[in-house]
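Got a structure here, written out as structure tokens. Questions coming.
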Amino acid sequence: MPELPEVERARALIAERALGRRIAAVDDTDTYVCRPHQPGELAAAFTGRTLSAANRRGKAMWIETDDGEGPILGLHLGMAGRIVVDDHAEGDPAPSDGNPSWDRFTLHFEDGGALTLRDKRRLGRAVLDPRIEALGPDAGEIARDAFRERVGRGDAPLKARLMDQAVLAGVGNLLADETLWRARLSPVRPAGSLDDDELDRLRRELRAAIRSAIRLGGVHTGELIEHRVRGGHCPRCGAELARATVGGRTTYWCPVEQT
DNA sequence: ACCTATGTTGATAC
DNA sequence: GGTATCAACATAGG
């Protein structure tokens, strides 16, 4: 299930392989993935348009058409979505092809190829003119001062604050655990209890975790992730990892090092 | 067979 | 307003 790094790889795939291609037909018949649109609405908006740019903020993507003159297509990979362009796929880290019966939304190009949202669980989205402003700054781009101010406040557990997409866009469950482990910070500490040095350290490790995951193929390549099982141990100090629900999600951390 | 788990988001309730 | 919980979806695994 994709977080910021997987989405960035999907965006890059679209940018490399789909821009400049003209849409001949659109399959928008999955009314759950295309909610709240009716079947045919997205087809009417995008048929005949040419893809001109692929953008991303956090886990949200949007594609411009007709050099910015046409409507904007918002895409979200949800919990199990991937983007397939012709025979290339990025997104959900499972085997690269997936099952074509999970195709939920498709742009068919005039040249015979296609861009598809393939999503096992149907929690992904394809929408017209998405509202990107509802998201906080991108987790990989946010400036130091903005990070201090937005993340370092509130009584909610630090991990919940990190995963709040209105605070900071792009961090999900695995990336949060990996980042907090790298920064040696406890996920259960109130976000407002961090000092500036801790917040700066958190931001630095977050950026490093994101860069590494984009390069290596996704958040599942993180150092902590393979140890993130019941009875798993900290790969640095060997202590048994703690496990609890934090911010509504299953959380693993090193109770010795992460304070 | 049945129950639990899953990397997301959004609506709802306090 | 901030925070917590549950539901939406479909599959995989014990």
Side-chain angles (χ1 to χ4, degrees), chain A residues 1-10 30-36 56-61 74-83 90-95 98-105 117-127 130-136 139 149-181 187-193 206 209-210 212-214 216-232 243-253:
Chain A
M1 295 127 213
E3 302 186 43
L4 187 155
E6 287 83 356
V7 180
E8 171 54 24
R9 290 175 65 98
D30 189 314
T31 53
Y32 191 77
V33 167
C34 298
R35 67 194 181 283
R56 179 190 61 76
R57 182 148 141 201
K59 304 171 197 171
M61 289 183 282
L75 294 173
H76 197 293
L77 301 181
M79 226 163 157
R82 70 185 61 164
I83 295 297
E90 288 288 356
D92 184 83
N99 187 335
S101 72
W102 299 331
D103 288 1
R104 312 298 186 186
F105 175 82
L117 172 58
R118 184 169 292 170
D119 179 8
K120 185 166 57 176
R121 291 180 63 180
R122 296 174 75 205
L123 292 170
R125 301 289 296 268
V127 297
R131 285 195 48 249
I132 303 299
E133 327 79 64
L135 296 171
E149 185 178 315
R150 299 179 73 92
V151 177
R153 62 191 301 167
D155 297 323
L158 176 57
K159 181 179 178 183
R161 190 96 194 143
L162 263 187
M163 292 193 300
D164 185 336
Q165 303 301 300
V167 170
L168 186 69
V171 181
N173 196 28
L174 291 190
L175 184 57
D177 278 6
E178 173 75 13
T179 298
L180 290 165
W181 176 77
V188 299
R189 265 184 63 185
S193 74
L206 174 58
I210 289 171
S212 169
I214 291 174
L216 297 177
V219 289
H220 64 281
T221 61
E223 241 188 291
L224 176 71
I225 305 308
E226 61 181 297
H227 305 278
R228 224 178 142 279
V229 293
R230 288 173 192 264
R243 177 188 190 273
T245 299
V246 180
R249 315 306 312 279
T250 301
T251 302
Y252 289 86
W253 74 99

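Note that this is a predicted model, so its numbers are computed, not measured. Every chain is numbered from 1 and lettered A, B, ... according to where its sequence line falls, protein lines coming before strand lines.
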Do the side chain of R121(A) and the base of dT6(B) come within less than 3.5 angstrom through a donor-acceptor pair of N or O atoms?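 Donor-acceptor pair under 3.5 Å: yes.
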
Decide side-chain contact (heavy atoms from CB on, under 4.5 Å) for L180(A) and L158(A); before the verdict, give the C-alpha distance in whole Å, the side-chain angles of both, and the deciding distance to 0.1 Å. CA-CA 9 Å; L180(A) 290 165; L158(A) 176 57; 3.5 Å; yes

What pairs with D103(A) under side chain to side chain donor-acceptor pair (under 3.5 Å), at least two apart in sequence or on another chain?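 Side chain to side chain donor-acceptor pair (under 3.5 Å) check on D103(A) returns R118(A).
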
Base, sugar-phosphate alone, or nothing: which one does D119(A) contact when heavy atoms must sit under 4.0 Å apart?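 Contact class for D119(A): none.
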
Please report the interatomic distance CZ(R249(A)) to CG(L174(A)), rounded to the nearest 0.5 Å.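 The CZ atom of R249(A) sits 8.5 Å away from the CG atom of L174(A).
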
Check each residue of residues 157-165 of chain A for a non-hydrogen atom within less than 4.0 Å of any atom in DNA chain C, then write out the ones that pass by number, or none.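 Output list: P157(A), R161(A).
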
Just checking G248(A): base, sugar-phosphate only, or nothing, at a heavy-atom cut-off of under 4.0 Å?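 No contact at all - G248(A) keeps every heavy atom at 4.0 Å or more from the nucleic acid.
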
For E178(A) and dG7(B), what is the distance between atoms CD and C1' respectively, to the nearest whole Å?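 These atoms are roughly 13 Å apart.
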
How far does the C1' atom of dT3(C) sit from the matching atom of dG7(B), given to the nearest Å?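 Each nucleotide's C1' atom is 22 Å from the other's.
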
Would you please name every residue forming a side chain to side chain donor-acceptor pair (under 3.5 Å) with R189(A), sequence neighbours left out?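 R189(A) satisfies side chain to side chain donor-acceptor pair (under 3.5 Å) with S193(A), E198(A) only.
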
Starting at CZ of R9(A), measure out to CG of L216(A) and round the result to the nearest 0.5 Å.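 Taking CZ in R9(A) and CG in L216(A), the distance rounds to 8.5 Å.
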
Find the distance R125(A):CZ to dT9(B):P and express it as a whole number of Å.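 Between P of dT9(B) and CZ of R125(A): 11 Å.
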
Starting at atom NZ of K59(A), determine the distance to atom C1' of dG10(B), rounded to an integer number of angstrom.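 After rounding, the reported distance stands at 13 Å.
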
Grab the CG-P distance between L117(A) and dT8(B) for me, whole Å please.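 Checked: the CG to P distance equals 16 Å.
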
Whole Å only: how far is the CG atom of L4(A) from the C1' atom of dG7(B)?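 So the two atoms are 13 Å apart, to the nearest Å.
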
Taking R122(A) first and then D30(A), would you say they form a salt bridge - that is, a charged N and a carboxylate O separated by under 4.0 Å?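 Yes.
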
CD of E223(A) to CH2 of W181(A): how many Å apart, nearest 0.5 Å?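 Atom-to-atom, E223(A):CD and W181(A):CH2 are 4.0 Å apart.
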
Boundaries of the DNA chain C segment in contact with chain A, non-hydrogen, under 4.0 Å: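 Going 5' to 3' along DNA chain C, contacts run dT3(C) to dT11(C).
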
Nearest of dT8(B), dA5(B), dG7(B) to any side-chain atom of R228(A)?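 The answer is dG7(B), which lies nearest to the side chain.
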
Integer-rounded Å distance: dT9(B) C1' and I132(A) CD1: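 One finds 14 Å between C1' of dT9(B) and CD1 of I132(A), rounded.
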
Rounded to the nearest 0.5 Å, what separation is found between the CG atom of L162(A) and the NZ atom of K159(A)?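 Spacing of CG (L162(A)) from NZ (K159(A)) equals 9.5 Å.
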
How many angstroms lie between NZ in K59(A) and CG in L77(A), if you round to the nearest 0.5 Å?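 Reported value, rounded in 0.5 Å steps: 10.5 Å.
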
Is any side-chain N or O of H76(A) closer than 4.0 Å to OP1 or OP2 of dT8(B)?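 No, no such contact exists.
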
Counting only side-chain N and O atoms of T250(A), is one of them less than 4.0 Å from OP1 or OP2 of dT6(B)?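 Checking T250(A) against dT6(B): at least one side-chain N or O falls below 4.0 Å of OP1 or OP2.
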
Over how many whole Å does the gap from I225(A) atom CD1 to dG7(B) atom C1' extend?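 Nearest whole value for this atom pair: 9 Å.
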
Kindly write out the residues that satisfy side chain to side chain donor-acceptor pair (under 3.5 Å) with T245(A), not counting sequence neighbours, or none if the list is empty.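 Partners of T245(A) by the side chain to side chain donor-acceptor pair (under 3.5 Å) criterion come out as none, since no residue qualifies.
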
Could you write out DNA chain C as a dot-bracket string, with dots for unpaired bases, | for bases paired across to another strand, and Watson-Crick or G-U pairs counted at under 3.5 Å? .|||||||.|||||

Is a side-chain N or O of Q165(A) found less than 3.5 angstrom from the main chain of M163(A), in a donor-acceptor match?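 Indeed, once roles are kept as given, a pair shorter than 3.5 Å links the two residues.
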
Measuring from atom CD1 of I83(A) to atom CE of M61(A), what distance do you get when rounded to the nearest 0.5 angstrom?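 Spacing of CD1 (I83(A)) from CE (M61(A)) equals 4.0 Å.
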
Inter-nucleotide P distance (dT5(C), dA5(B)), Å rounded: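 These two P atoms come out 15 Å apart once rounded.
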
Gap between atoms CG and P, on D92(A) and dT8(B) respectively (whole Å):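 Taking CG of D92(A) and P of dT8(B), I get 11 Å after rounding.
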
